[in-house]
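Everything on this sheet refers to the single structure shown next.
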Amino acid sequence: MDQLTIKAPDDWHVHFRDGDLLAETVAATARCFKRAIAMPNLRPPITKQAQALAYRKRILDAAGEHSDFNPLMTLYLTDETQPEHIKQAASKIIPAAKLYPAGATTNSESAVGSIEKLFPVFEAMAEHGMLLLVHGEVPDPEVDVFDREKEFIDQHLAPIHVSFPNLKIVFEHITTCEAVDFVLQTGDNVAATITPQHLMMNRNDLLAGGIRPHNYCMPVLKRRRHQNRLREVVSSGSPKFFLGSDSAPHEQHAKENACGCAGCYSAWGALELYAEVFEELGAIDKLEGFASIHGPSFYGLSLNRESITLVRDFWTMPKSIALADGRSIVPFYAGQRLRWRVEI
Ligand code: DOR
Ligand code: ZN
């Protein structure tokens with residue numbers, strides 16, 4: 001097959017950051033995705049409706065020629081979030097709120113200390129149809145970093161789902177067999193996103209033959225058997241799993257550092273990387289569901305009317321992306337060859 005046309009896709013998990021970086025990040029996502037869920041972990045974080053709307057306007061201003069790009073916003077939950085904030089914000093353009101356990105990842109210091117104290121907020125979310133997006137890792141230093149996702153399911157996610165069966169939950173960027181099993185075993189109100197890096201790589205790609213800071217993200221890459229389970233479930237075509245790239249830029253110096261930042265900037269090739277994986281799995285016919293149908297269906301939104309064509313045309317991910325003032329970002333998969341290109 002040399003060409004593949006699918007319904008236009010959406011990215012249900014992206015970090016655009018803010019300020020002058022928006023020109024880079026928004027263009028990279030809007031080149032092929034019609035909608036994107038913009039993560040709220042800015043400094044300071046987006047905790048209220050007014051901030052989310054102002055941030056959305058900055059993203060739209062940066063979208064330039066991509067005038068039909070539709071960023072969807074999220075609130076960042078903190079110990080101070082009240083049901084009133086949810087009631088005020090819940091809408092078509094702020095469809096979700098994000099739960100980061102405090103300290104679990106980038107800019108999560110001011111996030112949620114006590115998840116149980118947020119139960120009235122979850123109740124308001126269920127009532128107003130707002131989705132709960134979850135970074136599912138316990139930040140407990142006593143828990144091994146490779147076990148933090150499984151612990152989160154047992155300690156928090158299962159109890160939240162049992163207490164609020166009507167609350168729609170997206171278990172973001174899942175990485176383990178346990179997460180796949182949890183999502184498959186729960187009802188229609190639980191789904192998950194999966195990133196390209198967790199489908200393409202395992203922890204050998206992070207640690208064997210040298211530390212690879214550009215493959216470092218949170219949740220960290222796991223063993224091959226977990227990677228294989230993620231690959232298996234996306235090739236099954238299950239509607240509970242959909243595209244969320246977690247594209248997350250950090251400047252080169254911040255990644256190539258004695259204490260390197262977590263995040264893979266995959267936006268330059270997000271859809272193409274997934275196409276690569278689905279083709280390898282002999283499941284290219286399942287790409288459209290994963291990229292363009294399961295996400296909006298779970299969010300209760302219409303499917304995009306437009307379509308997009310991928311053509312077989314080898315290209316190489318740049319080794320570096322130049323920003324203003326001599327700064328740069330090393331993209332995910334830098335210098336490596338891809339088999340599919342999005343036809344513009
Ligand atoms: O690797 C990650 N980077 N994981 C996250 O959860 C956050 C993200 C970021 O914002 O850089
Ligand atoms: Zn993220």
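Counting begins at 1 with the first residue of the sequence. Atoms within a ligand are numbered from 1 in the order they appear, just like the ligands themselves. Not measured: the values here are computed from a predicted model.
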Requested in this report: Report yes if the side chains of F164 and F119 come closer than 4.5 Å at any heavy-atom pair, otherwise no.
Outcome: yes
**Report entry** Working for salt bridge (Lys or Arg N to Asp or Glu O under 4.0 Å), residues E251 and R327
**Finding:** CA-CA 7 Å; E251 283 181 46; R327 296 173 300 144; 3.2 Å; yes
Requested in this report: Examine the proximity of ligand 1 to N107 and report which part, side chain or backbone, both or neither, has a heavy atom under 4.0 Å away.
Outcome: neither
What residue and heavy atom of the protein are closest to [atom], and at what distance?
atom                   : answer
atom 7 (C) of ligand 1 : T105 OG1, 3.3 Å
atom 3 (N) of ligand 1 : A262 O, 3.0 Å
atom 4 (N) of ligand 1 : M218 O, 2.8 Å

Report task. For K98 and Y100, test the side chains for any donor-to-acceptor distance below 3.5 angstrom and give the result as yes or no. Result -> yes
Query raised in the report: Is the closest side-chain donor-acceptor distance between T78 and T47 under 3.5 Å?
Result: no
Indicate yes or no: does an N/O atom of [X] lie under 3.5 Å from an N/O atom of ligand 1?
X    : answer
N41  : yes
C264 : no
P219 : no
C217 : no

Report summary line: The option among M39, K98, R17 carrying the non-hydrogen atom nearest to atom 9 (C) of ligand 1 is R17
When you measure from the Zn ion (ligand 2) to the N, O or S atoms of [X], does any of those distances fall below 2.8 Å?
X    : value
H13  : yes
H15  : yes
D246 : yes

Query raised in the report: Can K168 be said to sit on top of F298's aromatic six-ring, NZ or CZ under 6.0 Å from centre and within 45° of the ring axis?
Result: yes
Query raised in the report: Are F241 and F290 an aromatic pair by the rule of ring centers under 6.0 Å?
Result: no
Query raised in the report: Which ligand 1 atoms are under 4.0 Å away from a heavy-atom of A248?
Result: 3 (N), 8 (C), 9 (C), 11 (O)
Query raised in the report: Short list, please: which atoms of ligand 1 are under 4.0 Å from a heavy atom of H135?
Result: 6 (O)
Query raised in the report: Is the F242 ring parallel, tilted or perpendicular to the W12 ring (thresholds 30°, 60°)?
Result: perpendicular
Query raised in the report: At their closest point, which heavy atom of A248 faces which heavy atom of H15, and how far apart are they?
Result: CB-CD2, 3.8 Å
Query - Test item: R17 side-chain N/O and L42 main-chain N/O as donor-acceptor pair under 3.5 Å - result: no
